[in-house]
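Below you'll find the structure, written out as structure tokens, and then a few comments.
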Amino acid sequence: MFGVTGLCTLFTLSVLLFVLGYLAWQGGRALNWEFFTQLPKPVGEPGGGMANAILGSAKLLILAAVMGVPVGLLGGVYLAKFGGKTFSFVVRYVTDLLNGVPAIVIGIFAYALIVLPTRHFSTLAGAFALGIMIIPITLRTTEEMLRAVPKELYEGALALGASKWKAIATVVVPAAFRGIMTGVILGLARVAGETAPLLFTAFNNRFWSPGLNEPTASLPVMIYTYAISPYEDWHRQAWAAGLVLLVLVFAANLTARTVLSRRIGRQSPR
Amino acid sequence: MDITKTVEEEKLNRRASRRFLARLRYGDQVAHLITLLFGSLIVLITVLLVLELYRSSALTREKFGWAFLFSSTWDPVFEKFGALPFIYGTLVTSALALLIAVPLGIGAAIFLAELAPPRVSDILTFVIELLAAVPSVIYGLLAIFTLVPLLRSTVEPALQYWLGFLPLFQGPAYGVGFLAAGLILAIMIVPFIVSISRDVLKAVPREMREAALALGATRWESTWSVVLPSARAGILGSIFLAMARALGETMAVTMVIGNDPKISASLFAPGASIAAAIANEFTEATGDLYISALIELGLVLFLLTIILNGLARLLVLGTQRKGTAQP
Amino acid sequence: MRVLKRSLGLVLVVLLAAGFVSCSRTPSEGGTTNLNGAGATFPYPIYSKWFDDYHKTHPDIQINYQSIGSGGGIRQVLAGTVDFGATDGPMTDEQLAKSKAKILHFPTVLGAVVPTYNIQGVTQELRFTQKALADIFLGKITKWNDPGLTQANPGVNLPGDQIVVVHRSDGSGTSYVWTDFLSKASPEWKTKVGKGTAVNWPVGLGGKGNEGVAGLIRQTPNSLGYVELIYAVQNKLPYGQVQNSSGSFVKADLASVTAAAAAAANDMPSDFRVSITNADGKGAYPVSSFTWLLVPTSIADSKKRQIIIDFLHWMLTDGQKQAAPLSYAPLPDAVVAKELKAISEIK
């Protein structure tokens, strides 16, 4: 019977290998300098690239991090260090709720909250949607990592005369910093591939998107648009974009997770 | 910090630190307040989200009431909207995905938790969890160009040949449809089941396994009759979590489900899911009733995922999970 | 000390981010005006060419057009989230009433919706009667070798396979034109399904945009769908002749589409909303349509207003020359003249 379970594992692994391999093969063939530097060409004309989508995705991620990470971080600090019993429960429950909300529903929310009143599809709206999605991951990681810091560090700081907030800010958070960073990176990696919430917030753009108030192209949305189109050339570019996106996401995951494997207790407080 | 000081410096320091300390007391309250505010911000956002969904779906809720959930007409021209085809599509594809992913996932979890040497198990689990990190749209991209043609040319005709007496496998083989969506969803949710089930299995105390072995059970019997049942709650929780994930999947499903809001017994037929419908039609819905209908679909999906996630949390509560393949 | 280092680090990150964001402006920033438009996929090939060319001649103007379907164009222009919209299904009175500012329809080109197919072994041009098309989309004709099709196509070896019908999954002006035609061709279709940008399709798979439909047809054997002419041409998909109201089988091309618009050209209503499907005339292609830009009459931003006005002028003169190479028919002169006058309504 164990053989069957081994087969299950093997099958699952081979699916992953297939995903990576096929994408690498198709995407690798399609990658060229043009892809990284050119703007999209008009419909039906071959060539062009996704430079604006790459930049757009980067902008969206940075902005989403700026919006979502502080909220999750400070919320996590609250839960770990300051929280009262009932309100902590509420915050935790609500965060789990938010985590389970399908991305497309968050897109509807961002559309109603930002796009409609500002009468503009924008990078801001897209980043807002993505930022909401980062909050639960950041909060949960922050709380876990803060709790994992040995009590002695915290109490030692208090014993030396630090006030509560100083102890947290200068001792506990730095000790948990690596773990928190890992969570943030993982969260960003997940959010980087989200397409649905961007469909009606950041929309799409054939040109460079200046500032924050204009629609912007992004890698996932471009992949989607090109994949369902009938043009061979667009398919080619979709593979290339898929490979780029996957490589970035995997790189983020790998670095974050190998960093996390270093246990926090080993860090010596200074 | 330099501990040795002169008496003079000591006196100065004490005065300064008293003033400083006085301010620091405030600091604590301020910090408490700030973090509390940010915590409440999260609550506020979520409440706003639910309110927005509720408010914007008012038109169709008032017009159709509960019938919305059971009507199968989706007609923007005559303004009759019913969610049943989408609920059906969502549930069927998720059910199919679970049917495939659960045995596969639990099987792999058993192997990784019980059989594989620890280091190998860790590495393999890490690799499988990478599957969870692949964005949905990339799965969709792969599915369009590899899975769908394969289904259309080989798998569906074969299923029809051998099992065509079942209504499940009748009808023309489009390639796109419930089967394609269910299969791609299965691949997407397997990592969650593997990861959580493996953790849960590993958390079962050694004593239970050893007791079973001491009583004469084989390794497999010990696993099947002792370890698995005691991990039952956690594994069930992982299944609910995976299901919640499958329900909300948008991109991969919308790219391969065929986008035809019909209820059909055949897995080969095209269908529609709630998330796919919203993705396809939201920016284009003209007419307040149409938009309201789509948002009500979103509300339905939201409620479904809340219930499932809630059940999952209850069941998996207490199980140690590190920051791994979680939704 | 550590706090200082950490906060410095944080400040650095914030500065980097800010620099990144502001540096992401185009090289020619400082005066780039961006307009956003959304709507029909029907004219997307020529719109994307126009806006690209316009940007080349006016480097400080970027007009970003996204093809999300005519339904989207109407909806977003009503919501005010785009500067202009585009549709091949004209707005209804009801929809127009929703807008505070008056919205004008400006025809841009003429196009045709063609029945395109992918049948293994069949390379000839098929002929479709009006009834056949309606029955296929109603689900009454299910196989390619149905008499409804074989009678009109003697000599073509149509297989006995199931027809895979493909329609639009999004709100589409192309769907509007197609269902408008089917409503005129078949009373049964008119009562059962009706016309609209999104209808309750009796059968078929749904593709997103003209692009999605063409993509599905390319990949699905024995499929039949409807797309704007250029999508069939660009993707080398065969498309059939359609029987018009005079009974002749007509293939969509510049001449037949222009013929369909001939009657309407002289009789154009002042708001330019008109349907030319199933037009009279022996050589008229029955599934032709104008496609319109939706422009609000009161545009707050004076720069944008001027750009739209200039673009419309350009489109009606130079732009028309690019229609034919992309298989769209240019507007009849009478219509152009009327439009040039109507531009003055934009304030």
Side-chain angles (χ1 to χ4, degrees), chain A residues 39-45 48 52 55-56 58-59 61-63 65-66 70 111 114-123 125 127 166 169-171 173-174 177 199-200 203-217 221 224-232 234-235 269-270, chain C residues 1-3 5-7 13-14 16-18 20-22 24-27 29 32 34 36 38 41 44-53 55 62-68 72 76 79-82 207-219 227 230-235 237 326:
Chain A
L39 290 175
K41 283 248 168 67
V43 171
E45 283 180 37
N52 58 345
L55 188 65
K59 275 168 68 176
L61 282 178
I62 292 180
L63 203 56
V66 165
Y111 176 78
I114 303 199
V115 175
L116 279 183
T118 59
R119 314 191 80 189
H120 236 144
F121 292 107
S122 59
T123 313
K166 219 158 190 248
T170 59
V171 175
V173 169
F177 193 65
L199 289 174
F200 10 97
F203 209 41
N204 203 349
N205 199 329
R206 299 200 51 251
F207 300 102
W208 298 105
S209 170
L212 300 172
N213 246 330
E214 292 292 326
T216 179
V221 173
Y224 174 59
T225 313
Y226 279 20
I228 59 176
S229 77
Y231 308 108
E232 281 296 347
W234 280 14
H235 293 168
R270 199 140 309 155
Chain C
M1 208 40 217
R2 292 208 88 188
V3 182
K5 273 199 221 155
R6 296 265 178 229
S7 36
V13 169
V14 171
L16 267 175
F20 201 106
V21 166
S22 55
S24 71
R25 293 166 193 277
T26 64
E29 183 51 76
T32 310
N34 300 279
N36 292 300
T41 58
Y44 186 39
I46 191 164
Y47 285 5
S48 66
K49 185 106 186 41
W50 276 347
F51 296 131
D52 206 59
D53 283 351
H55 177 60
Q62 287 180 171
I63 308 181
N64 169 35
Y65 178 79
Q66 292 299 325
S67 67
I68 58 176
Q76 301 305 333
T81 48
V82 292
K208 194 167 185 1
N210 265 304
E211 306 93 326
V213 172
L216 268 176
I217 294 181
R218 272 194 81 186
Q219 289 165 18
V227 293
I230 187 64
Y231 289 91
V233 169
Q234 272 179 349
N235 292 290
L237 289 168
L326 285 171

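So you know, we letter chains A, B, ... as the sequences are listed, proteins then strands, and number each from 1.
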Quiz prompt | A:Tyr224 portion near chain C, given a 4.5 angstrom heavy-atom threshold | solution = side chain
Quiz prompt | Backbone N/O of A:Lys41 and side chain of C:Asp52: donor-acceptor pair under 3.5 Å | solution = no
Self-check item: Distance (rounded to the nearest 0.5 Å) between A:Thr216 OG1 and C:Asn64 CG
Solution: 9.5 Å
Self-check item: Minimum heavy-atom distance between C:Phe51 and A:Phe207, given as atom pair plus value
Solution: O-CZ, 4.4 Å
Quiz item: Which heavy atom in A:Asn205 sits nearest to a heavy atom in C:Gln66, and how many Å separate them?
Solution: N-NE2, 3.3 Å
Quiz prompt | Between C:Gly207, C:Gly215, C:Gly80, C:Ala214, the one whose heavy-atom pairs under 4.5 Å with chain A are most numerous | solution = C:Gly80
Quiz prompt | Min side-chain heavy-atom separation C:Glu211-A:Thr225 under 4.5 Å | solution = no
Quiz item: Can you check side-chain contact (heavy atoms from CB on, under 4.5 Å) on C:Tyr47 and A:Val43, steps first, answer last?
Solution: CA-CA 9 Å; C:Tyr47 285 5; A:Val43 171; over 6 Å; no
Quiz prompt | Minimal non-hydrogen separation, A:Arg206 against C:Ser48, with atom names | solution = NH1-O, 4.1 Å
Quiz item: In Å, rounded to the nearest 0.5 Å, how long is the span from CD1 of C:Ile68 to CZ of A:Phe200?
Solution: 11.0 Å
Exercise. Could you grab the distance from atom CG of A:Leu39 to atom CD of C:Gln62, nearest 0.5 Å is fine?
Key: 8.0 Å
Quiz item: What part of A:Tyr111 is in contact with chain C, defined as an atom under 4.5 angstrom from a non-hydrogen atom: side chain, backbone, both or neither?
Solution: side chain
Quiz item: Where on A:Glu232 is there a heavy atom nearer than 4.5 Å to chain C: the side chain, the backbone, both, or neither?
Solution: both
Quiz item: What part of C:Ile230 lies closer than 4.5 angstrom to a heavy atom of chain A: side chain, backbone, both or neither?
Solution: neither
Quiz item: Just wondering, do A:Pro210 and C:Thr32 contact through their side chains at under 4.5 Å, heavy atoms?
Solution: no
Quiz item: Side chain, backbone, both or neither: which part of C:Tyr65 has an atom under 4.5 Å from a heavy atom of chain A?
Solution: backbone
Practice problem: Kindly indicate, with the supporting measurements, whether the criterion side-chain contact (heavy atoms from CB on, under 4.5 Å) is fulfilled by A:Phe121 and C:Gln76. | Solution: CA-CA 10 Å; A:Phe121 292 107; C:Gln76 301 305 333; 3.4 Å; yes
